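Written out below as structure tokens is the structure these notes cover.
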Amino acid sequence: MTQYGFYFDSARCTGCRTCEMACKDYKDLPQTIAFRRVYDYEGGTWTDAGDGTYTSDTYAYHVSLGCNHCAMPQCMANCPSGAIEKDADTGLVHIIDEKCTGAGMCVETCPYNVPVLNEETKLGMKCDGCADRVAAGLSPICVEACPLRALEFGDIEELRAAHADTVDGIAPMPTGDETTPSIAINACPAAKEPGDTTGAIANEKEVTLVAAGA
Ligand code: SF4
Ligand code: SF4
């Protein structure tokens with residue numbers, strides 16, 4: 001099986017949200033639901049040297065996150081109705097609407113807060129890696145839309161081989177230990193490791209509300 005996944009270059013990403021909007025448009029999502037979300041992670045402080053000068057260790061960067069189509073998807077393992085499947089050929093993880101009972105366990109157990117529950121249909125929803133486009137030989141719409149070419153998609157092992165020194169998580173993402181995510185990230189110089197406590201998500205309301213579909 002080829003395991004498809006995303007490469008994300010945090011040194012290139014400007015946080016413009018074109019990926020997020022292109023996905024919302026292509027998937028015709030309700031106003032308050034986004035499958036790909038862009039986290040603004042910021043931290044640091046200014047220090048008064050006492051001589052009229054200040055030093056700064058402030059930083060800010062962005063993390064564009066869709067589904068990581070994990071090798072060990074917690075969403076799939078915890079779905080009580082077997083409504084989540086990992087494709088045998090591509091490794092892409094998708095929800096089968098006909099089997100979904102809206103239990104919401106995928107929403108609760110994905111460590112990346114990827115799945116959302118559509119309050120109108122009561123069905124779980126998430127990024128499926130644009131499986132229809134991939135089957136047609138195209139890239140996911142977010143990858144094609146990114147003006148900075150900060151996203152790539154393909155065989156995750158080939159992406160890791162093509163880009164040296166990638167990691168599978170930067171703050172505010174958790175470590176990849178739980179699910180083995182199919183993501184390769186080029187960490188920008190400011191990027192902090194998963195579990196970092198020096199910074200915070202600056203747009204928490206935005207990413208939480210769109211995740212919850214509120
Ligand atoms: S990122 Fe979350 S929703 Fe996507 S496969 Fe992994 S556990 Fe499932
Ligand atoms: S479109 Fe590209 S540059 Fe803009 S937020 Fe998404 S990944 Fe970052």
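Sequence positions, counted from 1, serve as the residue numbers for this chain. What you see is a predicted model, and the numbers here were worked out from it, not measured in a lab. Order of listing sets the numbers, starting from 1, for every ligand and every atom in it.
Nearest heavy atoms, Cys106 versus Ile84: CB-CD1, 3.7 Å. For the residue pair Asn118 and Pro30, the shortest heavy atom distance occurs at ND2-CG, 4.1 Å.
The protein non-hydrogen atom at the shortest distance from atom 8 (Fe) of ligand 2 is Cys13 SG, 2.3 Å. At the shortest separation from atom 4 (Fe) of ligand 2 among protein heavy atoms lies Cys16 SG, 2.3 Å. In this structure, atom 2 (Fe) of ligand 2 lies nearest to the protein heavy atom Cys146 SG, 2.3 Å. Closest protein heavy atom to atom 6 (Fe) of ligand 2: Cys19 SG, 2.3 Å. Protein heavy atom closest to atom 3 (S) of ligand 2, with residue, atom name and distance, is Thr14 N, 3.5 Å.
Linking Ile, Leu, Val, Met, Phe, Trp and Tyr residues whenever their side-chain heavy atoms come within less than 4.5 Å places Ile201 and Tyr112 in a single cluster.
Rounded to the nearest 0.5 angstrom, Arg12 CZ and Cys146 SG are separated by 8.5 Å. Distance check: Tyr61 OH to Lys192 NZ gives 7.5 Å after rounding to the nearest 0.5 Å.
Only protein atoms were considered; those of element N, O or S under 2.8 Å from atom 6 (Fe) of ligand 1 number 1.
Scored by the salt bridge (charged side-chain N to carboxylate O under 4.0 Å, His left out) test, Glu157 finds Arg160 as partners (sequence neighbours excluded). For Tyr4, the side-chain hydrogen bond (donor to acceptor under 3.5 Å, both in side chains) criterion is met by no residue, not counting sequence neighbours.
At least one heavy atom of Pro147 sits less than 4.0 Å from an atom of ligand 2. Look at His62 and you'll find every heavy atom at least 4.0 Å from all atoms of ligand 2.
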Just list the side-chain donor-acceptor pairs under 3.5 Å for residues 169-190, sequence neighbours left out, or say none.
| residue | atom | partner | partner atom | Å |
| --- | --- | --- | --- | --- |
| Thr175 | OG1 | Asp177 | OD2 | 3.4 |
| Ser182 | OG | Gln3 | NE2 | 3.2 |
| Ser182 | OG | His69 | O | 2.8 |
| Asn186 | ND2 | Asp9 | OD1 | 2.8 |

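Between Tyr7 and His163, the angle of the ring planes stays under 30°, which puts this pair in the parallel group of the 30/60° scheme.
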Give the intermediate values and the outcome of side chain to side chain donor-acceptor pair (under 3.5 Å) for residues Ser64 and Tyr39. CA-CA 6 Å; Ser64 171; Tyr39 293 76; over 6 Å; no

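When heavy-atom distances to ligand 1 are checked against a 4.0 Å cut-off, Met76 has no atom that comes that close, whether in backbone or side chain.
The ligand atoms of ligand 2 that sit less than 4.0 angstrom from a heavy atom of Arg17 are 4 (Fe), 5 (S). Listed by atom number, the atoms of ligand 1 under 4.0 Å from Pro115 heavy atoms are 3 (S).
Ion pairing between Glu144 and Arg133 holds under the 4.0 Å rule for side-chain N and carboxylate O.
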